[in-house]
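For the single chain, residues carry numbers from 1 onward in sequence order. Order of appearance sets the numbers: ligands from 1, and atoms from 1 within every ligand. Since this is a predicted model, take the numbers as computed values, not measurements.
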Amino acid sequence: MKSADHFEFDDLQGLLRFSHGHLTETCFMLLNVSNSIAAKQWLKAASITNASSVHPLPETAVQIAFSVAGLRILGLNERLIEQFSDEFIVGMAGDESRSRRLGDIAANDPKNWQWGGDAQQVPHVLLLLYTKDGLMKNFRRHLEDKNFHQAFQLHSVLPTLDIGLIEPFGFADGISQPKIDWTDKQSTDIHEREGYSNTVAIGEVVLGYPNEYGEYTNRPLVNPKLQPNSEKLKTAYDDVSLKDLGRNGSYLVVRQLNQDVPGFWQYLHKQSYSDTDKRNELAASMVGRQRNGDPLITSRVQSTHNAAEDKNDFTYEQDLQGHQCPFGAHIRRANPRTGDFPHGVTGFFNRLIKILGFGLNKPDDDLIAATRFHRLLRRGRSYGSFISPEDAIKANDSDEERGLQFMCLVANITRQFEFVQNAWMISSKFNGAHQESDPLLGHREPLLSGEPSNEFSRPMASGSRQTVCNLPQFVTLRGGAYFFMPGLSAIQYIASLPSNKDDLS
Ligand code: HEM
């Protein structure tokens, strides 16, 4: 059913299995549906890339995702819409308290965004095109046929540019990703695990399968008696009387994060009194890795004899004081790794006591508990031309826009993306911190209590703390939205929906 050889890779969009890293040209289009009948015809005929081809990998790829407005305009009835998660329905910019929790305030406020800031006007469709170098122009000509133009109106093309396997500040990117347990080998019972695992249950990223709780995430299920065209959908694994619109689908979080690259390097240069080694050391401590991707944690668990995997083969268990990698470093906040197996705790009962939240050393220990419920499958691409730290230090303007089209795929937006962004990245209390948030992403606004959030500290082996103050904002949000990336059968179901007026509810 869902074991190695039998997983429905032919029904899964390729991006859930591959990052399409070998396809260096990209075109990410935000579209509005101008004619829903034409749009459904286009969808019926579209070759959306599935996840089945490993050898050879595809030369081009097309992936598609819909906002809630997009699903509505294509005719999905409200009874099904309301079975999607609340945050998807309300939208990333749809309520002020969400914006506050995500750190989308001040310069990041949705009212300043270039797209997606008005939750009522979120583009209907996100079409992601990938090709090998030099093929995009022809590929687009072929794909954007007469029917396409009748069906869709281009809202905008999100900027992207391949600068290699790095992000615009110049650090190696795309190293750490959760491995999806396609073979269903790993038990979701925590007591059967030896330690931190980078492998997560399919249901953490793909809907319609058990997640790390061993449960199915809520998703739209269709009653075939009420929806005769639903025979195109797969039968739900957890209720054979229902068809599963969510199966092989995932939520796609998109945030256009503008990076002030000159501002970043100029600040570090000044803080380091123009000493290049000190500057690079401070930069690495903010990220948690050297620019070439080497982790700051030197005590690795084991060698996998695979260079890429070796860079990711560590936990923070040997660095409880944060002397090697500061607690506030971007990657330590983004994935604290050892939370499921609290430091130094051995034996079933002791572990259980900790997991249940008793016997915490510090009141903040629980903030990093259970990392396996908060993993993100990152699929972003960068934009803007590469500028070296040396040139960035000399640059006297930051006219050129550079940044990340941050994208991640998750089965539960609140429990995964929003939790990581709020409780780990933005939180000024993360892991016992004070007055600081993520050194790369923080908005630097004071808290409601008036306490600042613009510092970054490094615990030193001597017992002291080295703190840098007045961090400027390096990353500013330019746009964002939540999308749903359906499985291929679900796309065909959507394409066959009757138009709204004679909809069956
Ligand atoms: C412009 C903004 C950002 C920059 C420059 C950036 C940069 C980086 C870099 C250099 C790495 C290390 C390379 C790797 O492990 O792949 C990394 C890892 C990571 N980032 Fe970001 N990132 C940004 C935004 C975000 C956001 C918004 C999130 C989530 C809310 C996020 C989540 C992660 C995660 C989960 C990891 C892997 C951590 C681990 O497993 O060790 N990043 N990022």
**Prompt:** When you measure from atom 41 (O) of ligand 1 to each heavy atom in Gln177, Met407, Arg337, which option holds the nearest one?
**Reply:** Arg337
Short N/O distance, under 3.5 Å, between [X] and ligand 1?
X	value
Asn335	yes
Ile175	yes
Tyr316	no

**Request:** Quick one: look at Pro168 and ligand 1, take heavy-atom pairs under 4.0 Å, and tell me if it's side chain, backbone, both or neither.
**Result:** neither
**Request:** Just let me know how Arg289 lines up against ligand 1, side chain, backbone, both or neither, with a heavy-atom cut-off below 4.0 Å.
**Result:**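 Just the side chain.
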Give the atoms of ligand 1, by number and element, whose distance to some non-hydrogen atom of [X] is under 4.0 Å.
X	result
Phe171	10 (C)
Gln421	27 (C), 30 (C)
Met425	28 (C), 29 (C), 31 (C), 32 (C)
Ser176	14 (C), 15 (O), 16 (O), 37 (C), 39 (C), 40 (O), 41 (O)
Leu376	29 (C)

**Asked** How close does the nearest protein non-hydrogen atom get to atom 13 (C) of ligand 1, and which residue and atom is it?
**Response**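 Protein heavy atom at minimum distance: Ala172 O, 3.4 Å.
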**Message:** Return the closest protein heavy atom for atom 3 (C) of ligand 1 as residue, atom name and distance.
**Reply:**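 It is Leu404 CD1, 3.6 Å.
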Is it the case that the side chains of [Y] and [X] hold a donor-acceptor pair, with the cut-off being a distance below 3.5 Å and no angle test?
X	Y	value
Asp184	Tyr209	no
Asn211	Thr217	yes
Arg337	Thr371	no
His434	Glu451	no
Ser197	Gln186	yes

**Asked** If you measure from the Lys or Arg side-chain nitrogens to the Asp or Glu carboxylate oxygens, is any gap between Arg478 and Glu401 under 4.0 Å?
**Response**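 Yes, this pair counts.
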**Salt bridge Arg402-Glu400, side-chain N to carboxylate O under 4.0 Å** =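 Salt bridge: yes.
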**Request:** Please test Glu281 against Arg458 for salt bridge (Lys or Arg N to Asp or Glu O under 4.0 Å), starting from the C-alpha separation and ending with a verdict.
**Result:** CA-CA 11 Å; Glu281 197 190 307; Arg458 290 192 280 169; 3.4 Å; yes
**Number of protein N, O or S atoms [distance to atom 21 (Fe) of ligand 1 under 2.8 Å]** =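 For atom 21 (Fe) of ligand 1, protein nitrogen, oxygen or sulfur atoms under 2.8 Å: 1.
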Mind checking whether [X] and [Y] have parallel, tilted or perpendicular rings, split at 30° and 60°?
X	Y	result
Phe417	Tyr482	perpendicular
Phe373	Tyr213	parallel
Phe88	Phe84	tilted

**Asked** Among the heavy atoms of Phe417, does any lie under 4.0 Å from an atom of ligand 1?
**Response**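 Yes, Phe417 has a heavy atom closer than 4.0 Å to ligand 1.
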**Message:** Any atom of ligand 1 sitting under 4.0 Å from a heavy atom of Gly403?
**Reply:**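 Heavy atoms of Gly403 never come under 4.0 Å of ligand 1.
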**Message:** Nearest 0.5 angstrom please: Gln416 CD to Leu409 CG, how far?
**Reply:** 10.0 Å
**Message:** So which atom in Thr476 and which in Asn108 form the shortest heavy-atom distance, rounded to 0.1 Å?
**Reply:**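 The answer is CA-OD1, 3.4 Å.
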